[in-house]
Amino acid sequence: MKSGSPKVIIILYVLTWLAIAIPAETGLAQRTNSLYMGTNVISGTAIAVVVHTGKETEFGKVSERLKLRPPETEFEIGLGKFGYFLMEVTLILVVLIFVANVYLHRPVLESFLFSLALAVGLTPQLLPAIVSVNLARGAKKMAKKQVIVKRLPAIENFGSMNVFCTDKTGTLTEGEVKIHSAVDVEGKESDHVLLYAYLNAASESGYVNPIDAAIREHKTFDISSYQKLDEVPYDFNRKRLSILFKKAENAVFSQGETLKAIAPALATEERLGSAQVEQFSKTENTHLIITKGALKNILDVCSNVETVEGKTIDIADQRQKLHQQAEDLGSKGFRALGVAYRDFNQDSFSKDDETNMTFLGYLALFDPPKAGIADTLKELELLGITPKMITGDSKAVAMSIIQQVGLPEPKALTGSELDKLSDEALIHRVQQTNFFAEVEPNQKERIIIALKKAGNVVGYLGDGINDASALHAADVGISVESAVDVAKEAADIVLMAKDLNVLIEGVKEGRITFANTLKYVFMATSANFGNMFSMAGISLFLPFLPLLPSQILLTNLLTDFPELTIATDRVDRELVNKPRRMDIKFIRNFMIVFGLLSSIFDYLTFGALLLLLHAQPEQFRTGWFLESVISASLVVLVVRTRQSIFNSKPGKYLLMATLATIGVTIIIPWRPLARLFGFQPLPLSFVLVLGAIVVFYVTAAENVKRVFYNHVKF
């Protein structure tokens, strides 16, 4: 093979790559010898060996995860369980009634139609419509509060959410680089270091970056006496920016003279004696190179260190101390940059002149927490939501932010630690962990799934490509308007502002929507179920059907009508203050208690009609139709709230629909339409007795409700 052939070049590339290979278990962020598909190269050139393509790349793995069917959300699981529960109850009851009626030698067709009508009466046919109306109304109200709902069922999960996971940058923090302080080699704040950094940042004309902007905004100095001569721009190999200055008349560069130049901004001028100032001012060099950049790259070109007293000493014995000082800054959550200088005596310079420099100090950078974020997180906790932070940043930075925003007892789990845990162990650890640091995209998804398996309803807020799989896996995937397209596509909800206060308003609307949806479930499993159960039981003892199939369907239609307006109902404050979930056990208990109560008064009605009023079949059916529809309509106002019916007022439209239903029900037996359904007008004595039973029933329901909620928690 020729030395310049493509095969030789490829072999050389592979050998070079192997020479700098790192362990396979190294985290993505620490793989300094790797490039990733989707990376944008801002400047410079490089030669790379392609190791993975397409689906095998990290970018491709995220894309593949999004092709999977989203796991069922908490609300969808709850609805499914509720549907199966009703199906079992209905099937058992209907089969038993049909068999019993046939056994009693009732007409088979009539018995079948009666059983079928019972099945219809037991089924909450309006549940899909109620859910859709509730969700649509909730989405409309949330849009007014800058929360856009892409997937309607996510609103219910928003209300049930009890764990909220978020990234750090731009959500808990401002998402902007700020200067915390400039410190000397002893770790003390120094305007001398800050002045040199300001000279460098204010004079650069190359790569525009937020760090230089932050330095210029942090503090302003008068640099009119410094003349810029030359510049070596920042690049991603050197990771340094160097600028050559010439001192104009009265311009000075030594530490003692710098103290004079920045007075009275610096109050520590007296730290140097007059003899030292005089000594510094006699320097023969009139030019100065000021360099700042990544700490390691700055220290690599330094041979000296300037002490607090202004002396210059050899760096060899100081390197460990300098690195320790940088680690101390890092442990406090700061990113450290280095600042150095060199006396010079020419009007131009190059990269090769970045040698024998004197290290001056550090710039401590940080991304400050958002104003009021601590109060926002406290409000989330008051709403019963546990916030957890998931970030790719270092543990030290994450710990610093957690402490600043006031989250209690920070407990961390890093990406490397997470890899060592089994799925079962992780389910236990995620419950106890406040924040996850140094995590990779696939680990974010694993954390979300573990939280869900631990029994939580999980929301996740993210805006980057690496958040897409976690958004896809969460019960509520939340993104922001400024996010990348793939994140917004994977999300269920998009916030028009990256502000947790917007999220809080959305959570409250989600809980209102969820509460109103549960109201229909409670209504459908109380009076309606009780009425159908009573009808099935009494049919075994009467020589005639208690209600004709058409009358059952009319009863079902009228009792459902007020519930169509449930989406507009008021919601008690206690239902918004805590997350609620679709609890089948609670629904079953509710159905048993209030269904049994409804049946008791149904049988009281049967007894009054048959034994006290001696009703004929048509009178019996008319009387029970009136009692069952009116009582079912009024009990809606009782079960819609945990509070007293007098303390919690229903929504305007629900009240109007209830009164309209009662009015129509009372009118029907006295209108020509009555003959079509087999009803007839009732004597006044019937009306009075039935009215008394309804009042007694509503009063009893109110008292039973109070006792029920005192003993059953939801």
Side-chain angles (χ1 to χ4, degrees), residues 27-28 58 61-77 150-151 153-154 156-169 171-172 380 385-393 398 407 411-419 421-480 483-484 486-495 500 503 506-507 510 579 581:
L28 295 181
E58 296 300 323
K61 290 176 183 177
V62 171
S63 176
E64 286 299 300
R65 296 296 300 171
L66 296 180
K67 292 182 180 179
L68 299 177
R69 180 181 177 183
E72 278 192 314
T73 63
E74 173 67 22
F75 179 67
E76 291 170 332
I77 293 172
K150 291 179 53 189
R151 187 176 173 217
E156 307 284 6
N157 293 317
F158 221 13
S160 302
M161 180 175 68
N162 69 311
V163 172
F164 172 64
C165 300
T166 177
D167 59 356
K168 175 183 71 69
T169 305
T171 306
L172 300 181
L380 276 175
I385 299 173
T386 302
K388 296 179 184 289
M389 184 174 73
I390 303 177
T391 179
D393 285 346
L407 289 181
K411 298 178 181 178
L413 185 65
T414 63
S416 58
E417 294 170 340
L418 191 150
D419 275 338
L421 295 175
S422 65
D423 289 341
E424 292 74 17
L426 182 60
I427 291 173
H428 176 70
R429 285 290 298 275
V430 292
Q431 292 285 75
Q432 305 170 349
T433 304
N434 294 77
F435 69 95
F436 305 84
E438 303 169 16
V439 299
E440 300 172 5
N442 63 313
Q443 292 176 328
K444 292 183 179 182
E445 180 184 13
R446 191 178 170 209
I447 292 167
I448 298 300
I449 293 174
L451 284 166
K452 291 175 64 175
K453 288 183 177 179
N456 300 291
V457 181
V458 185
Y460 179 78
L461 172 61
D463 61 357
I465 293 175
N466 59 343
D467 295 312
S469 57
L471 289 167
H472 189 68
D475 288 303
V476 191
I478 309 164
S479 192
V480 291
V484 298
V486 68
K488 289 191 286 187
E489 184 65 27
D492 303 308
I493 290 173
V494 177
L495 307 181
L500 292 189
L503 180 77
V507 167
R581 303 173 70 171

### Message
Working note: R446 + D423, criterion salt bridge (Lys or Arg N to Asp or Glu O under 4.0 Å); need CA distance, chi angles, decisive distance, verdict.
### Response
CA-CA 8 Å; R446 191 178 170 209; D423 289 341; 3.1 Å; yes
## Note on the structure
Scanning both residues in full, the closest heavy-atom pair of F158 with L503 reads CZ-CD1, 3.4 Å
### Point-to-point distance, once rounded to the nearest 0.5 Å, from CG of L471 to CD1 of I448
8.5 Å
#### Entry: Set of residues satisfying side chain to side chain contact (heavy atoms under 4.5 Å, CB included) with respect to I427, sequence neighbours excluded
A450, K453, A454
### Task
Using the side chain to side chain contact (heavy atoms under 4.5 Å, CB included) rule, take L413 and L421 through it: C-alpha gap first, then chi angles, then the decisive distance, then the call.
CA-CA 11 Å; L413 185 65; L421 295 175; 4.1 Å; yes
### Query
To the nearest 0.5 Å, what is the distance between CD1 (I390) and OH (Y460)?
5.5 Å
### Message
Please report the interatomic distance CD(E440) to CG(L418), rounded to the nearest 0.5 Å.
### Response
9.5 Å
### Message
To the nearest 0.5 Å, what is the distance between CD on E417 and CZ on R429?
### Response
6.5 Å
### Task
With V458 as reference, evaluate D475, I449, N162 under the side-chain contact (heavy atoms from CB on, under 4.5 Å) test and give the passing residue.
D475
### Query
Do L380 and F164 come within less than 4.5 Å of each other through their side chains, counting heavy atoms only?
yes
### Atom pair OG1 (T414) and CZ (F436), whose distance is rounded to the nearest 0.5 Å
11.0 Å
### Summary
Here the pair of heavy atoms bringing P387 nearest to I385 is CD-O, 3.3 Å
### Query
So which heavy atom on M161 is nearest to which on G459, and how close?
SD-CA, 3.4 Å
### Message
Which heavy atom of K388 sits nearest to which heavy atom of T433, and what is that distance?
### Response
NZ-O, 2.6 Å
### Summary
Interatomic distance, CG@D467 vs CD1@I478, rounded to 0.5 Å, equals 12.0 Å
### Full working for side chain to side chain contact (heavy atoms under 4.5 Å, CB included) between Q431 and L451
CA-CA 7 Å; Q431 292 285 75; L451 284 166; 4.1 Å; yes
### Partners meeting side chain to side chain contact (heavy atoms under 4.5 Å, CB included) with A491 (sequence neighbours left out)
S479
### Message
Is any side-chain heavy atom of V484 closer than 4.5 Å to one of D463?
### Response
no
### Task
Give the intermediate values and the outcome of side chain to side chain contact (heavy atoms under 4.5 Å, CB included) for residues V439 and T391.
CA-CA 6 Å; V439 299; T391 179; 5.9 Å; no
### Query
Quick one: side-chain hydrogen bond (donor to acceptor under 3.5 Å, both in side chains) partners of K168, sequence neighbours excluded?
D393
### Query
What is the minimum heavy-atom distance between K444 and A470, and which atoms define it?
CB-CB, 3.9 Å
#### Entry: Shortest non-hydrogen separation from A412 to F435 and the atoms involved
CB-CZ, 3.2 Å
### Query
Are E424 and H428 close enough that a side-chain donor and a side-chain acceptor fall under 3.5 Å?
no
### Query
With distance as the sole test, does D492 use its side chain to make a donor-acceptor pair with the main-chain N or O of G477 at under 3.5 Å?
yes
